[in-house]
2 protein chains.
Amino acid sequence: MADIINKDAAAPRSDLQETTPDQEEPPHALVELIELLFFAYRDFTNDPDTILDEIGFGRAHHRVLHFVNHYPGLRVADLLDILKITKQSLARVLKQLVDEGMIEQRPGPSDRRERRLFSTQRGQKLARRLMEPQLHRINKALKLSGMESEEISRKLLYNMINTHEHEAIEELFSRQRS
Amino acid sequence: MADIINKDAAAPRSDLQETTPDQEEPPHALVELIELLFFAYRDFTNDPDTILDEIGFGRAHHRVLHFVNHYPGLRVADLLDILKITKQSLARVLKQLVDEGMIEQRPGPSDRRERRLFSTQRGQKLARRLMEPQLHRINKALKLSGMESEEISRKLLYNMINTHEHEAIEELFSRQRS
DNA sequence: GAAAATAAGTCAACATGGCTGACATAATTA
DNA sequence: TAATTATGTCAGCCATGTTGACTTATTTTC
């Protein structure tokens, strides 16, 4: 009687997952890996937030500044492809970065419709400052995870990315080695 | 003359990063690892979006449902600690999940102020459906990255998480093995 | 050389999911 | 009984994503 009125956690109900119908339960180890990825990314992206708050920028500004700084001369279209956001979303933060003197735009050398993007010295300085705690976090984690961890995790992350993006990423990475 | 009026990408300017002042350039390999993490997470979180759109939920609903489903009996306070969001942000999506019959709340067995959270059968079914493409993606990536990749990446991700969170995560993980 | 296609920008409106602050309720603990 | 705790709720704000419609400058194509 009291059980029905007062149904608390000690009194299971029929439609709850507790009574586990358990068709094909997913492997715990993999589920935990997913959760670890969530926690790691959560803390990783939190690193630059304090700095960003000080200067009135957000994570969106950080992402744009990072890629422009690391790949000077990037076009707007490249950035859209990298970030997978719309032109309008990008425009909002890009405009602010240009206004604040972090990024400069110049017409493309062969096609003058293009706006090639470059970080200024201030932009570069900020980009590095924002990346610093993230590099530190990764470095620390790699050291604690053994010699092979850098190569293995590089492979794993690469293989987690949509296959049809692989070519674009190879090309992006090759830019900055040239 | 034309250079000054028409400054294009072929005509470098003094305040641009291009002229690299290069104090302590960060190591390319690590920067690429950061970028791979961004790309991998971008695609990973995108997996469930199609399903979520169909039923009018967002990523926030997914996260809540996932943790409640995987750790039945979680308290609201636990969830806040896991997600690192405010009570008000959680309330918004939790209410919808309860209204849609995905999650049920019951008073705690010893402390009746608590609301213990449980996924319903529908909730469990949805949680699994949402996780399925993500599990598939990770599984595929692990297979392509060699035997050790699961153990190593588990270590790496764990070591990327703030140290002061480690205890809470151990405890969380132990819940569902008991 | 005119027309079509492309790269980029812009305006407006809207959705999602964070946030703060203030306050309410019920139950437990001191 | 009073204080503390767990949770909920109202209201409003902000960052950052979306769609759709339209403009401008430049290049490419016919």
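Proteins come first, then strands; the chains are lettered A, B, ... in the order of their sequence lines, and each starts at number 1.
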In whole Å, what is the span from the [atom1] atom of [X] to the [atom2] atom of [N]?
| X | N | atom1 | atom2 | result |
| --- | --- | --- | --- | --- |
| B:R115 | D:dG8 | CZ | C1' | 8 Å |
| A:H62 | D:dA15 | NE2 | P | 18 Å |
| A:L97 | C:dG9 | CG | P | 13 Å |
| B:R116 | D:dA6 | CZ | P | 12 Å |
| B:R106 | C:dA26 | CZ | C1' | 20 Å |
| A:L117 | C:dG9 | CG | C1' | 13 Å |
| A:Q96 | D:dT16 | CD | C1' | 11 Å |
| A:E114 | D:dT27 | CD | P | 9 Å |

Identify which nucleotide among C:dG9, D:dT7, C:dG18 has an atom closest to any side-chain atom of B:R63, counting heavy atoms from C-beta outward. C:dG18

Not counting sequence neighbours, which residues clear side-chain hydrogen bond (donor to acceptor under 3.5 Å, both in side chains) with A:E171? List them please. none

side-chain hydrogen bond (donor to acceptor under 3.5 Å, both in side chains) partners of B:D47, counting only residues at least two apart: B:R137

Are A:P107 and A:E114 packed together at the side-chain level, in the sense that at least one heavy-atom pair is separated by less than 4.5 angstrom?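 Of all side-chain heavy-atom pairs linking A:E114 with A:P107, none is under 4.5 Å.
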
Note, B:L37 side chain near B:L33 side chain (heavy atom, < 4.5 Å): no

Identify, with sequence neighbours excluded, every residue that meets ring-ring contact (aromatic ring centres under 6.0 Å, His included) alongside [X].
| X | answer |
| --- | --- |
| A:H70 | A:H66, B:H28 |
| A:F38 | B:F67 |
| B:H136 | none |
| B:Y71 | none |

Identify each atom pair where a protein N or O and an N or O of nucleotides 27-30 of chain C are less than 3.5 Å apart, giving names and distance.
from: C:dT28; atom 1: OP1; to: B:R112; atom 2: N; distance (Å): 3.3

Do any side-chain atoms of residues 88-96 of chain A form donor-acceptor pairs under 3.5 angstrom with protein atoms, and if so which ones, sequence neighbours left out?
from: A:S89; atom 1: OG; to: A:T86; atom 2: OG1; distance (Å): 3.3
from: A:K95; atom 1: NZ; to: A:D99; atom 2: OD2; distance (Å): 3.3
from: A:Q96; atom 1: OE1; to: A:H61; atom 2: NE2; distance (Å): 2.5

So if you build clusters from Ile, Leu, Val, Met, Phe, Trp, Tyr with side-chain heavy-atom gaps below 4.5 Å, do A:I51 and A:V64 land together?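 Same cluster.
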
Mind listing the residues from residues 44-60 of chain A sitting with a heavy atom below 4.0 Å of DNA chain D? Number order is fine. A:G58, A:R59, A:A60

Please determine if a side-chain N or O atom of [X] lies less than 4.0 Å away from the OP1 or OP2 oxygen of [N].
| X | N | answer |
| --- | --- | --- |
| B:Q105 | D:dT7 | no |
| B:R92 | D:dC10 | no |
| A:H61 | D:dA15 | no |

At 10 degrees resolution, what angle do the end axes of the helix from C:dG1-D:dC30 to C:dA30-D:dT1 form when each is taken over five base pairs?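 Axis angle across the helix from C:dG1-D:dC30 to C:dA30-D:dT1, nearest 10°: 20°.
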
Between A:E165 and A:K84, does any side-chain N to carboxylate O distance fall below 4.0 Å?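 The answer is yes: the pair qualifies as a salt bridge.
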
Heavy-atom closest contact (A:S149 atom, A:S145 atom, distance):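 Scanning both residues, the minimum pair turns out to be CB-O, 3.6 Å.
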
Ring center gap for A:Y158 and A:H166 short of 6.0 angstrom: yes

Give, ordered by number, those residues of residues 77-91 of chain A having at least one heavy-atom distance below 4.0 Å to an atom of DNA chain C; if nothing qualifies, reply none.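 Residues of residues 77-91 of chain A that come under 4.0 Å of DNA chain C are, in numerical order, A:A77, A:K87, A:Q88.
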
Return the set of residues passing salt bridge (charged side-chain N to carboxylate O under 4.0 Å, His left out) with B:D43 (not counting sequence neighbours), or none when no residue passes.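 Checked B:D43 against salt bridge (charged side-chain N to carboxylate O under 4.0 Å, His left out); zero matches.
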
